[in-house]
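Structure first, commentary second.
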There are 2 protein chains.
Amino acid sequence: MILEYILLAMLREPKTGYTLKNEFDQGERHFWSAELSQIYPALQRMEKRGWLKSTLEPSDKGPERRVYSRTKAGAKALSKWLRSDPIVGMERFAYIAQLIYMDQLDDLDVTLRFLKKLRDLLADKLELLSSAETAMAALPGFPNKLNNEDFHGRLSLRMGVLSLSAKVQWCDESIQRVSARLAKERKYA
Amino acid sequence: MILEYILLAMLREPKTGYTLKNEFDQGERHFWSAELSQIYPALQRMEKRGWLKSTLEPSDKGPERRVYSRTKAGAKALSKWLRSDPIVGMERFAYIAQLIYMDQLDDLDVTLRFLKKLRDLLADKLELLSSAETAMAALPGFPNKLNNEDFHGRLSLRMGVLSLSAKVQWCDESIQRVSARLAKERKYA
DNA sequence: CCACGCATGTAATAGGTTACATGATTTA
DNA sequence: TAAATCATGTAACCTATTACATGCGTGG
């Protein structure tokens with residue numbers, strides 16, 4: 001189960017479920033997300049399995065915090081997972097499904113509006129990642145003296161930026177193509 | 001439910017569940033996939049809802065085929081979905097999760113091997129889409145006189161090609177960076 | 001006093017994969 | 001005769017989202 005390994009890896013230092021959720025939301029983890037209702041039971045399962053142990057600590061605000069930390073068994077399981085082959089799953093793009101069947105509407109104006117909206121949505125996402133990348137470039141010793149953690153973080157951020165850039169460019173290219181086709185359609189109408 | 005709308009859209013002409021599954025597998029549908037155990041119940045649900053109707057037809061080989069076709073209500077539901085805003089969900093990249101936490105192994109050789117393997121996996125996928133794109137370029141009247149269906153198909157294929165190319169390029173760039181870091185590490189060791 | 005952030009959880013539902021069950025026809 | 005393809009389906013399980021339930025402390 002991938003989420004369990006991600007949580008395990010995020011528990012480099014002891015943390016609560018609530019904290020882990022915040023790290024997902026803060027956009028630090030652009031490649032995955034999870035809800036609290038998924039995180040809490042996962043942590044409980046892992047503790048039962050012996051990968052984590054937890055202690056209750058008082059909180060300034062609100063109820064007691066259950067702080068989880070990795071056990072040796074947990075660290076071993078993580079190490080094994082990190083050494084396994086890359087997990088490349090089927091990616092599912094709902095917006096491509098919409099686009100590919102849009103010909104059935106027989107209305108290129110709809111396609112054009114769709115692509116423009118999509119472009120904006122993807123560009124917004126890209127901007128988030130780009131600014132994170134810019135922030136990283138301000139790190140002390142960038143890029144030659146990054147520590148191992150930041151070095152790996154940089155690689156992963158860059159993948160998000162390049163992949164989203166390619167999609168935004170594809171939107172622009174597609175908008176051009178649809179516009180051209182639309183213009184020709186009108187000329188012969 | 002996205003799958004239901006995709007099946008609805010694929011039923012441009014009447015088809016069986018088995019046929020729909022084949023279309024997913026043939027790689028024609030690079031943006032989505034589904035198992036028969038998901039397709040059959042989905043078709044049944046849609047028939048109950050009045051989006052599809054089915055008839056039993058004899059088959060040359062094997063059991064009778066249940067052929068589904070869209071009703072007017074189904075066509076209307078599809079049209080509404082196609083006209084809705086682009087569905088941009090959270091993409092989940094398990095291999096980026098592996099990569100980003102790999103610093104905890106403190107062994108750049110593992111990272112390097114990982115990226116090389118990933119590069120090969122992604123390049124294989126890219127090749128599939130690229131050859132589909134090449135095949136499309138051999139279509140009569142390409143690119144200026146494509147019909148609407150092929151035009152939309154081309155746009156969607158191109159997105160797959162560009163997005164995967166970006167990822168392969170990112171792998172290459174990352175392999176370079178890791179190699180350089182590794183070389184420096186050894187020099188000062 | 002109410003909304004918001006902190007903090008924990010459960011329940012219901014939806015979406016998806018793997019395994020199981022059945023049986024005909026064709027091809028090696 | 002064994003495997004592959006055609007063709008339908010169900011059951012069990014895993015993964016993920018949305019909704020529900022509870023309650024403290026702080027700031028407006």
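The chains referred to below are lettered A, B, ... by the order of the sequence lines, with proteins before strands, and numbering in each begins at 1. It should be emphasised that the depicted structure is a prediction, and the values quoted were computed from it without experimental measurement.
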Legend entry - Distance test, side-chain N/O of B:R66 to OP1/OP2 of D:dG9, below 4.0 Å: yes
Base, sugar-phosphate or nothing for [X]? Non-hydrogen atoms, less than 4.0 Å.
X: B:L36; value: base
X: B:T16; value: sugar-phosphate
X: A:R45; value: nothing

Roughly, in whole Å, what's the span from [atom1] in [X] to [atom2] in [N]?
X: B:Y18; N: C:dG23; atom1: OH; atom2: P; value: 18 Å
X: A:E35; N: D:dA19; atom1: CD; atom2: C1'; value: 11 Å
X: A:I2; N: C:dT17; atom1: CD1; atom2: P; value: 12 Å

Legend entry - Test salt bridge (charged side-chain N to carboxylate O under 4.0 Å, His left out) applied to B:E133 and B:R158, step by step: CA-CA 7 Å; B:E133 208 182 32; B:R158 184 117 191 96; 3.0 Å; yes
Inset, instruction - Look at the side chain of A:K61 and decide which nucleotide, out of C:dG9, D:dG9, D:dG25, has an atom nearest to it. - result: D:dG25
Inset, instruction - Indicate whether the side chain of B:R29 and that of B:S33 have a donor and an acceptor atom separated by less than 3.5 Å. - result: no
Inset, instruction - Answer yes or no: is there a side-chain heavy-atom contact under 4.5 Å between B:E23 and B:Q26? - result: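 Of all side-chain heavy-atom pairs linking B:Q26 with B:E23, none is under 4.5 Å.
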Legend entry - Aromatic contact, A:Y5 with A:W51 (centres under 6.0 Å):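 Judged by ring-centre distance (under 6.0 Å), A:Y5 and A:W51 do meet the cut-off.
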